[in-house]
Peer 1: 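The structure under discussion is supplied below as structure tokens; questions concerning it will follow.
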Amino acid sequence: MSHTATILLLGSGELGREFVISAKRLGARVIACDAYDNAPAMQLADAREVFSMLDGAALRAVAEKHRPDYIVPEIEAIRTEVLAELEAEGFAVVPSARAAQLTMNRDAIRDLAAGHLGLATSRYRYATSLEEVRAAVDFTGFPCVIKPVMSSSGKGQSTVRAAQELEAAWDYACAGMRGDRVRVIVEAFVAFDYEITLLTIRHRGGIAFCPPIGHRQERGDYQESWQPTPMSAPAIAAAQDMARRVVDDLGGHGLYGVEFLVKGDEVIFSELSPRPHDTGMVTLASQNLSEFDLHARAIMGLPIPAEIRARPAASAVILADRDSTQLAYEGLAEAMADGADIRIFAKPASRPFRRMGIALATGPDVDSARAKARKAASQVGIRYGA
């Protein structure tokens with residue numbers, strides 16, 4: 001055997017691309033899967049499979065074909081009942097089939113956090129029709145946030161401030177849904193000071209935390225992130241306690257991205273992903289071991305440092321503004337002139353607001369790193385063919 005492990009990667013976007021790099025540095029063989037060919041992670045993997053992860057028969061066939069040591073989901077839209085069957089048959093699903101099942105849908109993980117574990121969350125209700133949305137708002141009040149129970153990168157999410165906006169928000173949520181369930185979560189808007197991602201690593205030696213990552217969103221999607229973000233000691237302790245409780249309940253080994261809303265010392269659980277988080281791409285510049293390195297180590301049973309530190313750093317997204325399959329990039333030299341780094345994801349097609357790359361920057365403090373990353377991202381241009 002010339003490799004340390006065989007990994008079946010389910011989802012091959014930009015997060016999967018960076019994970020492939022980290023896993024291959026540890027000697028793993030990676031088979032990258034996605035619904036379209038030439039996805040970012042496929043370009044660097046040892047092999048590829050093109051199929052819909054919602055096709056249970058195709059998912060099983062690929063797993064049985066490659067017999068991987070680890071099945072690693074990188075997206076939410078997966079036929080998770082097949083993952084549970086495969087796990088029962090002896091396949092190792094990361095971090096576990098149950099974690100994938102519960103976090104595939106916002107309703108399941110919210111019910112676990114609020115109902116079973118008693119974590120602090122916003123007030124919320126679910127809805128499967130516009131009429132149910134209106135009823136849910138009677139409970140949550142305005143303003144409220146409406147988002148699909150299953151989506152990615154903030155798709156379908158909107159903040160609603162008046163009754164006349166509900167129909168448009170419902171339509172937008174339906175358009176942004178993934179999977180085959182028409183259901184949204186309606187939650188009371190929390191007047192938070194800031195929001196964070198707490199990267200939490202569950203590994204064979206216990207649980208480790210990365211310094212908190214702050215981030216800013218537009219259209220429900222992250223635009224920039226920075227690390228570390230200032231938090232009071234009580235707020236950090238509360239976030240770590242809640243993260244520990246939820247990842248211990250979900251089990252398995254790997255990195256979790258746990259999102260919180262913070263107001264003063266009060267911390268409110270928001271969402272969780274059992275995999276590297278898009279806001280965590282800042283760790284490519286801020287930490288000696290990125291979130292992808294940590295995920296790969298935890299999966300493969302390798303040591304995780306007891307203390308993970310971060311230098312002041314930031315990331316800023318590079319967005320497309322139209323649909324195209326003929327893409328070229330310019331301005332990289334100018335963007336990198338002041339010391340920023342640029343990562344182009346090499347996606348084969350663009351669409352409006354699709355992330356095509358990021359700028360990364362460090363600095364003497366977070367504010368200067370953010371300014372440098374934003375400037376660098378603005379200097380990268382995308383040329384579109386006819």
Side-chain angles (χ1 to χ4, degrees), residues 13-19 22 40 74 151-155 157 192-201 209-231 235-236 239-240 243 255-262 267-295 308-320 335 339-345 353-380:
E14 59 263 33
L15 300 179
R17 182 183 180 92
E18 294 293 341
F19 173 75
S22 294
E74 191 248 348
S151 67
S152 66
S153 299
K155 295 180 178 65
Q157 176 177 320
F192 55 87
D193 297 331
Y194 55 96
E195 53 191 327
I196 67 158
T197 303
L198 185 64
L199 299 177
T200 304
I201 309 99
F209 301 100
C210 296
I213 296 169
H215 49 93
R216 180 180 63 84
Q217 297 187 29
E218 290 179 10
R219 301 172 301 277
D221 198 4
Y222 118 92
Q223 302 299 297
E224 58 172 331
S225 63
W226 54 91
Q227 187 190 29
T229 195
M231 286 182 70
I236 290 176
Q240 290 184 348
L255 179 140
Y256 288 84
V258 191
E259 295 182 67
F260 294 99
L261 308 177
V262 185
V267 180
I268 298 171
F269 174 86
S270 178
E271 295 183 10
L272 178 146
S273 298
R275 61 187 66 89
H277 201 273
D278 50 7
T279 63
M281 283 191 280
V282 67
T283 62
L284 291 165
S286 60
Q287 299 181 177
N288 290 337
L289 293 174
S290 73
E291 64 171 344
F292 310 101
D293 299 328
L294 294 167
H295 195 43
I308 301 168
R309 299 180 181 180
R311 63 185 67 85
S315 73
V317 301
I318 299 165
L319 299 177
D341 192 11
I342 300 296
R343 303 292 171 94
I344 300 298
F345 301 149
F353 303 116
R354 190 179 197 190
R355 281 197 304 264
M356 307 303 289
I358 56 169
L360 297 162
T362 59
D365 53 58
V366 164
D367 288 342
S368 60
R370 289 178 65 184
K372 186 188 292 185
R374 287 195 300 267
K375 178 183 177 182
S378 71
Q379 291 174 305
V380 177

Peer 1: Residues two or more places apart in sequence or in another chain: which of them pass salt bridge (Lys or Arg N to Asp or Glu O under 4.0 Å) with R17?
Peer 2: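 Once residues adjacent in sequence are excluded, R17 has no partner under the salt bridge (Lys or Arg N to Asp or Glu O under 4.0 Å) criterion.
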
Peer 1: For the residue pair F260 and F269, categorise the inter-ring angle as parallel (less than 30°), tilted (30 to 60°) or perpendicular (more than 60°).
Peer 2: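 It falls in the perpendicular class, over 60°.
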
Peer 1: Go through the structure and list residues passing salt bridge (Lys or Arg N to Asp or Glu O under 4.0 Å) with D367, not counting sequence neighbours.
Peer 2: none

Peer 1: Could you measure the distance from the CD1 atom of I344 to the CD atom of E14? Nearest 0.5 Å is fine.
Peer 2: 11.5 Å

Peer 1: Test of understanding: with salt bridge (Lys or Arg N to Asp or Glu O under 4.0 Å), list the residues that count as partners of E74, not counting sequence neighbours.
Peer 2: none

Peer 1: How long is the straight-line distance from CG of D293 back to CG of N288, given to the nearest 0.5 Å?
Peer 2: 9.5 Å

Peer 1: Can you name the salt bridge (Lys or Arg N to Asp or Glu O under 4.0 Å) partners of R216, sequence neighbours left out?
Peer 2: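 Salt bridge (Lys or Arg N to Asp or Glu O under 4.0 Å) list for R216, sorted by chain: E218, E224.
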
Peer 1: Tell me, do E18 and E291 make a side-chain contact under 4.5 Å, heavy atoms counted?
Peer 2: no

Peer 1: Could you tell me which residues satisfy side-chain contact (heavy atoms from CB on, under 4.5 Å) with Q287, sequence neighbours excluded, listed by chain and number?
Peer 2: C210, P211, Q227, T283, L294, I308, A310

Peer 1: Find the distance between CD1 (I213) and OG (S225) and round it off to the nearest 0.5 Å.
Peer 2: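 Between I213 CD1 and S225 OG, I get 6.0 Å after rounding to 0.5 Å.
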
Peer 1: Calculate, to the nearest 0.5 Å, the distance between atoms CD and CG belonging to E259 and L199 respectively.
Peer 2: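 So the CD of E259 and the CG of L199 are separated by 10.0 Å.
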
Peer 1: Just by distance, no angles: are the side chains of H215 and T197 close enough, under 3.5 Å, to form a donor-acceptor pair?
Peer 2: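 The criterion, which ignores hydrogens and geometry beyond distance, is satisfied for T197 and H215.
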
Peer 1: Would the distance check show the side chain of S273 and the main-chain N or O of R275 forming a donor-acceptor pair, the cut-off being under 3.5 Å?
Peer 2: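 Not at all, since once roles are kept as given, no pair shorter than 3.5 Å links the two residues.
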
Peer 1: Look up atom CD in E195 and atom CD in Q217, then write down how far apart they are to the nearest 0.5 Å.
Peer 2: 4.5 Å

Peer 1: Please list, chain by chain and in numerical order, all residues satisfying side-chain contact (heavy atoms from CB on, under 4.5 Å) with T362, sequence neighbours excluded.
Peer 2: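 Listed in chain order: A285, R311, A313.
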
